[in-house]
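Here's the structure, in structure tokens; my notes come after.
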Number of protein chains: 2
Amino acid sequence: MDIEARPPQTTQQYVLEQLRRAILTGQLAPGSAIRQDALAEQLGVSRVPIREALKILEGEGQVIYRPRRGYMVAELALEDFLEVYRIRQILEEEAVRRAIERITDEDIQRLQDAHADVVAAGQAGEIVAMAAANRRFHFTLIDAAGMPRLRRFLSILWDASDVYRSLYYSEESNRERVEREHQGIIDAVRARDTEDLIRRLGEHRAGTVATFREFMARQDD
Amino acid sequence: MDIEARPPQTTQQYVLEQLRRAILTGQLAPGSAIRQDALAEQLGVSRVPIREALKILEGEGQVIYRPRRGYMVAELALEDFLEVYRIRQILEEEAVRRAIERITDEDIQRLQDAHADVVAAGQAGEIVAMAAANRRFHFTLIDAAGMPRLRRFLSILWDASDVYRSLYYSEESNRERVEREHQGIIDAVRARDTEDLIRRLGEHRAGTVATFREFMARQDD
DNA sequence: ACAAGTAATACTGGATCCAAAATACAATCG
DNA sequence: CGATTGTATTTTGGATCCAGTATTACTTGT
């Protein structure tokens with residue numbers, strides 16, 4: 001027998017999930033204060049697991065903490081977004097450089113599968129599923145690098161910069177661009193062509209950044 | 001008036017400092033379990049601030065957490081150290097690229113001051129002070145980039161990879177090398193020569209890594 | 001009517017208490 | 001004698017309670 005025991009879901013983990021979701025979907029708006037006991041009542045738990053979950057989010061930079069003042073959801077201006085996204089790109093580049101040296105055919109298959117999920121979700125118009133599949137796509141590549149700490153950082157950065165994803169994926173043209181670029185990335189991985197892969201990732205990012213700049217400009221009307 | 005109020009020191013912040021110190025100095029050995037109530041009694045506080053501090057350290061990767069099993073100090077094998085150090089280098093490189101475009105003469109003066117502190121501490125044989133001054137040196141440059149999130153990540157990575165510093169600075173030859181390389185970095189900053197600066201940082205890192213490899217090889221006797 | 005000072009209120013930080021899970025240990029059975 | 005199951009102890013996770021601080025509202029004086 002070699003059964004992997006299911007890690008028991010503790011209350012703080014549950015709270016953490018709920019908080020992440022609320023922040024991601026904007027139910028907890030950026031800049032708004034987080035009232036601990038209101039949240040506790042709402043989720044039907046005490047304030048202790050709330051506090052501990054908030055400490056983790058603080059460490060990830062998702063919420064801002066001021067002693068005796070409490071927590072508020074971190075705001076992410078365009079400038080901040082670009083900073084996070086830039087860091088993410090640098091680290092992802094390092095990850096894929098290693099990954100391409102060690103990646104197996106099996107991994108590449110998973111990459112292709114994840115991409116298929118992205119396309120399917122996109123055609124079905126399921127924004128959340130598409131974002132999730134997209135994350136899986138990128139992290140399949142990142143995981144192949146075998147750098148657990150780098151992976152952890154990228155995971156945090158990903159969540160932190162994924163705030164506007166629903167705006168993003170809701171545009172047909174963006175979905176098409178993502179699909180096209182992903183396939184190019186897969187091809188580069190198959191060919192084990194590092195420089196081509198890096199170049200494509202760079203373009204992938206440039207396209208995303210350009211899109212966001214447009215969004216933000218449009219917001220300022 | 002625009003006075004920034006000093007945030008009052010809360011108990012968890014105190015606990016956090018103590019824990020960091022204990023981990024850094026090895027009083028809490030890597031791999032050892034952290035007993036919460038023992039710690040609470042030792043520091044004269046309740047378990048609540050202990051737990052919250054541990055949650056922060058968990059987020060930084062300094063301790064490992066398993067639900068219902070508790071916390072243990074993260075172990076850092078050579079391989080892990082190299083990974084952390086590599087990430088640190090990549091991010092520092094990005095930071096200094098930006099920094100060199102925006103750095104003021106005043107900043108450069110602070111850089112020179114920090115370096116003087118490194119040298120002074122080194123000659124006095126004060127390892128801890130030397131490590132602190134060294135940290136200040138690097139972060140003076142990093143701060144000039146004006147990328148707060150990048151700075152935060154670097155700060156975490158710095159702490160996480162600074163475990164062996166006492167072994168490191170205790171060698172005369174290393175101290176001399178650090179001093180020499182730092183001066184070279186300052187010169188490159190003064191000349192606003194980005195590529196030279198990057199090159200020197202790369203060498204700085206290579207030297208450190210080589211030193212650590214020797215250490216670890218020696219450990220295996 | 002407006003500003004300043006004061007009192008009331010709300011919310012966070014910390015301590016204690018209780019329950020549940022994990023580990024260590026002992027007893028019993030093959 | 002070894003293994004397995006049952007029990008006791010340890011330790012963590014969560015809830016409630018209390019104290020201290022910040023914010024808000026109100027009152028009073030100019």
Side-chain angles (χ1 to χ4, degrees), chain A residues 1-20 22-23 27-74, chain B residues 1-20 22-23 27-74:
Chain A
M1 289 274 252
D2 190 26
I3 297 174
E4 183 69 17
R6 182 182 67 86
Q9 168 89 336
T10 61
T11 312
Q12 19 169 317
Q13 285 169 344
Y14 164 70
V15 171
L16 192 55
E17 278 173 25
Q18 295 302 316
L19 279 174
R20 277 194 210 284
I23 291 172
Q27 283 173 5
L28 278 175
S32 65
I34 297 175
R35 209 82 52 198
Q36 294 181 7
D37 55 356
L39 243 173
E41 195 180 5
Q42 200 175 327
L43 295 178
V45 299
S46 89
R47 265 180 53 227
V48 177
I50 304 268
R51 287 199 279 190
E52 294 178 345
L54 285 171
K55 275 274 167 280
I56 293 176
L57 291 174
E58 182 199 353
E60 295 178 359
Q62 303 252 42
V63 300
I64 307 294
Y65 169 67
R66 287 166 63 194
R68 300 258 160 220
R69 296 282 183 82
Y71 297 85
M72 48 182 281
V73 182
Chain B
M1 290 274 251
D2 190 25
I3 297 174
E4 184 70 15
R6 183 181 68 86
Q9 168 91 337
T10 61
T11 312
Q12 19 169 317
Q13 285 169 345
Y14 164 71
V15 172
L16 192 56
E17 279 172 25
Q18 296 302 315
L19 278 174
R20 278 194 210 284
I23 292 172
Q27 284 173 6
L28 279 176
S32 65
I34 296 175
R35 207 88 51 198
Q36 294 181 9
D37 54 357
L39 244 174
E41 195 181 6
Q42 201 175 326
L43 295 177
V45 299
S46 88
R47 264 180 53 226
V48 177
I50 303 267
R51 287 198 281 189
E52 293 178 345
L54 284 171
K55 274 274 168 281
I56 293 177
L57 291 174
E58 182 199 352
E60 295 178 359
Q62 303 252 42
V63 300
I64 307 294
Y65 168 68
R66 286 167 67 195
R68 299 260 160 218
R69 298 281 182 80
Y71 296 85
M72 48 182 280
V73 182

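Closest to the side chain of B:Ser46, out of C:dA15, D:dG20, D:dG13, is C:dA15.
One finds the CG atom of A:Leu19 at 6.0 Å from the CD1 atom of A:Ile34 (value rounded to the nearest 0.5 Å). Here B:Glu58 contributes atom CD and B:Ile64 contributes atom CD1; the two are 8.5 Å apart, rounded to the nearest 0.5 Å.
Between A:Leu54 atom CG and C:dG14 atom P the separation is 14 Å, expressed in whole Å. Taking atom CD of residue A:Gln13 and atom C1' of nucleotide D:dT12, one finds them 13 Å apart after rounding to whole Å. Between the CZ atom of A:Arg35 and the C1' atom of C:dT12 there is a distance of 11 Å, given to the nearest Å. For A:Leu16 and D:dG13, the CG to P distance is 14 Å, given to the nearest whole Å. Atom-to-atom, OH of A:Tyr14 to C1' of D:dG13 comes out at 17 Å; the value is rounded to the nearest Å. Atom CG of B:Asp37 and atom P of C:dC18 are 17 Å apart (whole Å). In this structure, CZ of B:Arg66 is placed 12 Å from P of D:dG13, rounded to the nearest angstrom. In this structure, CE of B:Met72 is placed 16 Å from C1' of D:dT12, rounded to the nearest angstrom.
OP1 or OP2 of C:dG13 has not a single side-chain nitrogen or oxygen of B:Gln12 nearer than 4.0 Å. Considering only side-chain N and O atoms, A:Arg69 lies nowhere under 4.0 angstrom from the phosphate OP1 or OP2 of D:dT21. Listed pair A:Gln36 / C:dG13 meets the phosphate criterion, a side-chain N or O lying under 4.0 Å from OP1 or OP2. Neither OP1 nor OP2 of C:dG14 sits under 4.0 Å from any side-chain N or O of B:Arg47. Taking side-chain N and O atoms only, A:Thr11 has a distance below 4.0 Å to OP1 or OP2 of D:dG14. Close to C:dC11, at under 4.0 Å from its OP1 or OP2, lies no side-chain N or O of A:Arg68.
For B:Arg51 against C:dG14, a side-chain-to-base donor-acceptor contact under 3.5 Å is absent.
Qualifying side-chain hydrogen bond (donor to acceptor under 3.5 Å, both in side chains) partners for B:Gln27, counting only residues two or more places apart in sequence or in other chains: none.
When each of B:Arg35, B:Arg66, B:Lys55 is tested with B:Tyr71 by the rule side chain to side chain donor-acceptor pair (under 3.5 Å), just one qualifies, namely B:Lys55.
If you check every strand for non-hydrogen atoms under 4.0 Å, A:Ile34 touches sugar and phosphate atoms only. Residue contacts shown for A:Ile50 are absent, as no nucleic acid heavy atom lies under 4.0 Å away. Residue contacts shown for A:Tyr65 are limited to sugar-phosphate atoms, with no base heavy atom under 4.0 Å away.
Side chain of B:Glu41 to main chain of B:Ala38: no donor-acceptor pair is present (N/O by atom type, distance under 3.5 Å, no hydrogens or angles).
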